[in-house]
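Written out below as structure tokens is the structure these notes cover.
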Amino acid sequence: MPVSEKQYQERVYEIVRKIPEGKVMTYGQIAEILGQGYTPRTVGYVMNASNTDDVPWQRVINAKGGCSTAKITMIVDLQQNLLEDEGIEFNESGYCDLDVYRWYPEGYEEEDDEQPTLFGS
DNA sequence: CTCGTGACGGGGG
DNA sequence: TCCCCCGCCACGA
């Protein structure tokens, strides 16, 4: 029994669940924190599988500060609506100010020096 | 196994 | 601000 995919998703959810109301995080930001094989793409894939789970999925947006969600435009409307309900303001283009609403998990904001010493051979 | 696609991101025009 | 292209990784046909 290999490392279940569930664990892979759990690490993403674990972070998303910590996002307080009125705050947001980007896919890339989450991928950055998890590192090790996580990329914005994979994080987005995980969130897609989640959706109606017990995680505040609406607080995860793209780096532009908007709700991507491509085709399913109806979801974009829902997501932005939920966030506006939490006090987040979106401009006419559908973007919010990440410099204001972006949230940083405790213990992860400071990641300046991370030079691996055991880099093999 | 290869190919196309996607709740992404960054760079360039 | 918007549009396009490329890199990224996982998945389904």
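Chain letters run A, B, ... following the sequence lines, proteins first, then strands; residues in each count from 1. Given the structure is predicted, the values throughout are model-derived calculations rather than measurements.
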Sugar-phosphate only, base, or nothing, as touched by A:Tyr38 at under 4.0 Å among non-hydrogen atoms: nothing
Flag side-chain contact, heavy atom, 4.5 Å: A:Val55 against A:Val12: no
For atom CG of A:Asn48 and atom P of C:dG12, their distance in whole Å: 11 Å
d(CD, A:Glu92; C1', C:dC2) in whole Å: 15 Å
Residues in side-chain contact (heavy atoms from CB on, under 4.5 Å) contact with A:Asp99, at least two apart in sequence or another chain: A:Asp97
Residues which pass side-chain contact (heavy atoms from CB on, under 4.5 Å) with A:Glu86, listed by chain and number, not counting sequence neighbours: A:Glu21, A:Gln58, A:Arg59, A:Leu83
Separation of C:dC2 C1' from A:Asn91 CG (nearest whole Å): 13 Å
Which residues share a salt bridge (charged side-chain N to carboxylate O under 4.0 Å, His left out) with A:Arg102, sequence neighbours left out: none
Under the ring-ring contact (aromatic ring centres under 6.0 Å, His included) test, residues paired with A:Tyr38 that sit two or more places apart: A:Tyr8
Rounded interatomic separation in angstrom, taking CD from A:Gln9 and C1' from B:dA7: 14 Å
Of the listed nucleotides B:dA7, C:dC9, C:dC2, the one nearest the side chain of A:Thr42: C:dC9
A:Ile88 vs A:Val24 side-chain heavy atoms within contact, under 4.5 Å: yes
Nucleotide B:dA7, atom C1' - distance to CG of A:Leu78 in whole Å: 13 Å
Pairs under 3.5 angstrom, nitrogen or oxygen only, protein versus nucleotides 9-13 of chain B, please.
residue : atom : partner : partner atom : Å
B:dG9   : OP1  : A:Gly28 : N            : 3.1
B:dG9   : OP1  : A:Ala63 : N            : 3.2
B:dG9   : OP2  : A:Ala63 : N            : 2.6

